[in-house]
Structures are given as structure tokens and as C-alpha cells.
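What follows is a short report on a single structure.
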Amino acid sequence: MQLLKQGAEADIYVTEWHGKKAVSKVRSPKAYRHEALDSAVRRQRTVHEAHLMSAAKAAGVSTPFVHFVDPDNAEILMEFVQGKQAKDALDVKMCMQIGRYAALLHGANIIHGDLTTSNFIVNNRLVLLDFGLSYYSERMEDMAVDVRLIKEVFTSAHVGLRGAFPAFVRGYGSVAGKKKTSQILANVKEIEQRGRYARVE
Amino acid sequence: MLCLGIESTAHTFGCAVVDEKGRILSDARAVYRAPEGKGIHPREASRHHIEASHGVLKEALSQAGAGMKDIDLVGYSAGPGLGPCLRVGAVVARTVAGYHKKPLVPVNHALGHIELGAALTGASDPLVLLVSGGHTMILAFLEKRWRVFGETLDITIGQLLDQFGRAMGFASPCGGRIEKLASESSGQYLHLPYVVKGNDVSFSGMLTAAVKLASTSKMADVCYSLQETSFAMLAEAVERALSFTGKKEMMIVGGVSANKRLAQMLEMACERQASRFFACPIKYAGDNGAQIAWTAILDYKKTKKAVKIPDAFATQSWRLDTVDVAWR
């Protein structure tokens, strides 16, 4: 197995699955975390990720195909997806597509939990990865936390790209509809104003 | 160029004299202590600052061997912080600058933590973890401002430690006592809610759970588990932000950076991401006037901008990511 990337969450290896190129995502232990906490976190995230990746696919979001899950070793074997991280190739059209994906997930009550531009791979389509922090919820608040996170990414890492968040909102609205989108945005604003030292309008 | 910096955002009233090379010529402070089991009472703290201000100012000047005639610039922390406390610093700053006809520069308190930390550690372009009673933020500099890559969604790490400690009847600030108790634990880990959302963290649920746990478990084990869980959340959020930004340096600043276990965990996270770890020296990790003086120098040298006395504001709400930084 060849190490492709040492991420913050897991190590990514290139391997094979029945003759096809595949990816092994291993959540290796983190030495700084207490062992009991660490193994609970790694196991839970592995199981959630595998399950919700498939659920997201059913909701119409492109995700890698899951081949095999080993909760004890916190390992997932999945389809290899060729392409760049959206982070390094972001444009306004892509932001809109990210918005569509977020709305599709939320429509199925899936909260991604880590909606950032490094978790999308671009080739001829956009593929969403990293469901380790994902969970099911019907709460508007949880969906708004997802949206606030990607907004935070747009206004920090991609501050140079004009119109990123508005494009995201357009994409989101095209799936979720006007009413739900404006409710979510109102909730996002509420969360921001709860932020420390924020000016409340 | 000599700058007098005045700090009064929360419990500390501090004055310091710093020169343009970043040498700290003096650092005088008086710290308000809340009664055991109680937090900072803004009115009582501001009263303390008023009474301490004269002595602290005098001490800062005499330690530096300077008189007001030698001072070229006055900086003061204009926020964010507790309104009544901020106003004391602002009044002292306006008075001194107005009477002695010195240029006056308002400084964002959080920026002060970062700039002094960078000057003392030599970090040039770090990912910053600012951890204190008022802040829990992960920041990186991009396009003229410090941008927030992650932060707490509710209370800060300092508040988690202090509010837990206060519920146990400890004296504020409680971080030191919790660290000591944690070191006496046998290493029995008790599960607490571990909440990381992207690069953001949330501590309010953990506070409730830890207070509840304390009624049935050994205090040392609860303190140990509280530290292990909350610090691991921060280390993970930092590691995620390092991986995302690709920064090769990481710096921790703020009062909570005095905690050795937190520094140890962050160092391990940095090692995994091949980043150099810098910690602000403990002596200057907490609030002090030198942070303000140094930041005022950086700002004034670059922009030559001072505020008129009537425009010298103090504001409780002033997020770091709204401040334009001209000198980086």
C-alpha cells in the first residue's frame, strides 16, 4: 500500500480491491488523545462515515463507492477517485454545485459536519468525501451549522474569490426552495451573532 | 520610538513601555481577584482598575527609566472585553495622551496577543490558536486580515475551565488548580462529550456533563478527563486547520497556553503535520500592556494614523477578523 496523503483525520493509502485501484482510509491512533477516547472517536467516525457515504449517494450526491469497512481497525476501503481538491480549483460554478449538494444532503436529513473545499474532489463531476463527522438530524440549526462552516471557509481561505457564498446560496436554493433556504440563512445569521464579540444588528 | 501600552480588557490592568525593536522595557500589572467560587464582576474589576491605574502607570514608567516626555506614542486596548474595564483603560489613555500631546492608537486586544507572541517566538506566518477566557479561535493571516479558520461555537476554553472550577468552589482563574488536580489523577478516563464540527468546537455540553460527573467521581479524575477531552478537541481542530491551510508554523497564545498538557498535545499534532510549534512565553501569555504597546508601534509606524481624543473609542464587540492589518 502506498501512502497518498497524511491527513488530519486519517491516512490515505492507494491499494487494490479485486483488481481495481482503490483507496484505504485508515484512522490511525492519535498519540495526543487518551486511548479510551481515541478508540471511541475513531470507531464511531469510521462506522458513521461508511454508512452516511452510502446514504448520501442515495440522496443524489456523488460520493466514493464503499467496498469494505473494518470498524476495529478504523479502516474503510473505497473507490479511488481521480482529480483535484476543490480547494485548489475553486470557481463560482463549483460553489453553486457545492450548494446543490448541501441541499440534497439536508433534504435527506444528513448533516455533513465538515463541509469544506478540501473535502470535494473535482473531475468531470464533483465528489464529496469525508463523512466522518456526519450524522442524521432534522433540526434546522444543525443544517445551518453546516452552511455556516462552508461560509467560514469561503470568507477565510477563499476570500479572494468574489461571489462564492452567494453562488452557494443559489445552488442551495435551486434544490431546497426559497422558503427553506431563507429559513436556513436566518438561522446562520443567528449563529453568527451568537459568535463571540460579534456586533448584533 | 517608545510606546506606552495600556491594557484593561478584563481582570488585568497593565501598563508597559516597549521600543520599536520590540524590547520590553517595562511591564507593570495589577490583577483583580474575584472571591472564591465567583467570576469577574465587571463593576468591581473596573473599580480595582481605577484604584490601581495610577500606581501601575507610574511603575511602568519608572521601570523603563522613562518619563512621559520620552514617550512617543500611547496605545490602549479598545476591545473586545468587559465594557466597564475597557473604559478605565480608555480614560487613562485619553488623559495621558491628551495632556502630554502624544499620538493615541486604539489596539484590538486579540491582535495584541498575536503580535507580541510572534515577536517573542520569531514565528513569521503561523496558524494561531488563541486560547483565553475571552477567545478560542484558530486564525491564519490572509489578504490583510487574520481570518478565522475555526472557533468555539459557544463558550471559550477559558470559560469551560473557570466555570467548572467555580462550580467546584475554586478561586478564578481556575486553570492552574485544574491542571494540578489532573496531574494527581491515576489516569482514569471518564467519557465526556467530544464535539468537533469541522474546525469548530463546542464546550457547553462538556461543562454541564463535567459538573454532573463531579458529584459521583473523584475530583482528580474529572479534572483529568476534562483536560484530556477539551484539549484533544483543540488539538484535533488545529491539526485539521494545519492540514487545510498547509501552514508550516503553529503558534499558541493567550492565558490558557500556560497549560503544559495542552502545549504537549499541540506539539504532537504539529509533528504529525510537519509544522513547527511555537508557544508564547508563559510570562507574556496572559493579558499585559506590552502586547498593546508593540501592536500600536507596528500600526503607527506603518500607517502614521492616530485617533483624535474624542474619537478614542472602547467597544465590547470588536472581532479580530474585522480589523485591517497594514503591516503584515
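Note on naming: letters A, B, ... go to the chains in the order of the sequence lines (proteins, then strands), and numbering restarts at 1 for each one. Predicted, not measured: the structure shown is a model, and the values here were computed from it.
When each of B:A274, B:S225, B:P80, B:A140 is scored by its heavy-atom pairs under 4.5 Å with chain A, the top score falls to B:P80. Among A:N119, A:L149, A:D130, A:V159, the residue with the largest count of heavy-atom pairs under 4.5 Å with chain B is A:V159. Annotation: maximal heavy-atom pairing with chain B below 4.5 Å, among A:G7, A:A157, A:G132, occurs at A:A157. Counting heavy-atom pairs closer than 4.5 Å to chain A, the top residue among B:Q159, B:E151, B:M137 is B:Q159. Contact count against chain B (heavy-atom pairs under 4.5 Å) is highest for A:Q6 among A:Q6, A:Q85, A:H112. Counting heavy-atom pairs under 4.5 Å between each of B:V148, B:D200, B:T136 and chain A puts B:D200 at the top. Ranked by heavy-atom pairs under 4.5 Å with chain A, the list B:M268, B:R240, B:E271, B:H135 is led by B:R240. Of the listed residues (A:K5, A:R194, A:R148), the greatest number of heavy-atom pairs within a distance under 4.5 Å of chain B belongs to A:R148.
Between B:F244 and A:K87, the shortest heavy-atom contact is O-NZ, 2.5 Å. Closest approach of A:R196 and B:G134 over heavy atoms only: NE-O, 2.7 Å. Of all heavy-atom pairs between A:G160 and B:E143, the closest is CA-OE2, 4.0 Å. In this structure, A:G195 and B:R319 approach most closely via the heavy-atom pair C-NH1, 4.3 Å.
Contacts of B:T152 with chain A are made by side-chain atoms alone, with heavy-atom separations under 4.5 Å and no backbone atom involved. For B:R145, no part lies near chain A; criterion is any non-hydrogen pair under 4.5 Å. Using a 4.5 Å cut-off between heavy atoms, A:L37 contacts chain B through both its backbone and its side chain. At a 4.5 Å heavy-atom cutoff, the contact between A:D11 and chain B is made by side-chain atoms alone. With a threshold of 4.5 angstrom between heavy atoms, A:T117 approaches chain B through its backbone and through its side chain. For a residue to count as touching a neighbouring chain, one of its non-hydrogen atoms must lie under 4.5 Å from one of that chain's; by this rule B:Y224 touches chain A with the side chain only. Using a 4.5 Å cut-off between heavy atoms, B:D154 touches chain A through its backbone atoms (N, CA, C, O) alone.
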Kindly indicate, with the supporting measurements, whether the criterion side-chain contact (heavy atoms from CB on, under 4.5 Å) is fulfilled by B:E236 and A:Y32.
CA-CA 9 Å; B:E236 189 194 338; A:Y32 57 76; 3.9 Å; yes
Checking side-chain contact (heavy atoms from CB on, under 4.5 Å) for the pair A:R45/B:V196: CA distance, chi angles, key distance, verdict?
CA-CA 12 Å; A:R45 286 186 185 171; B:V196 175; 4.1 Å; yes
Working note: A:E152 + B:R147, criterion side-chain contact (heavy atoms from CB on, under 4.5 Å); need CA distance, chi angles, decisive distance, verdict.
CA-CA 9 Å; A:E152 187 176 76; B:R147 310 281 171 179; over 6 Å; no
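Side-chain contact between A:Y197 and B:H109 is absent, with no heavy-atom pair separated by less than 4.5 Å. Two residues are said to be in side-chain contact when any heavy atoms from C-beta on lie closer than 4.5 Å; B:R272 and A:K30 meet this criterion.
Using the six-membered ring where Trp is involved, A:H34 and B:Y189 have ring planes that are parallel, under 30° apart on the 30 and 60° scheme.
No more than 12 heavy-atom neighbours from other residues, nucleotides or ligands sit within 6.0 angstrom of CZ on A:R162. Within 6.0 Å of CD on B:Q264 lie more than 12 heavy atoms contributed by other residues, nucleotides or ligands. A 6.0 Å sphere centred on CZ of A:F65 holds no more than 12 heavy atoms belonging to other residues, nucleotides or ligands.
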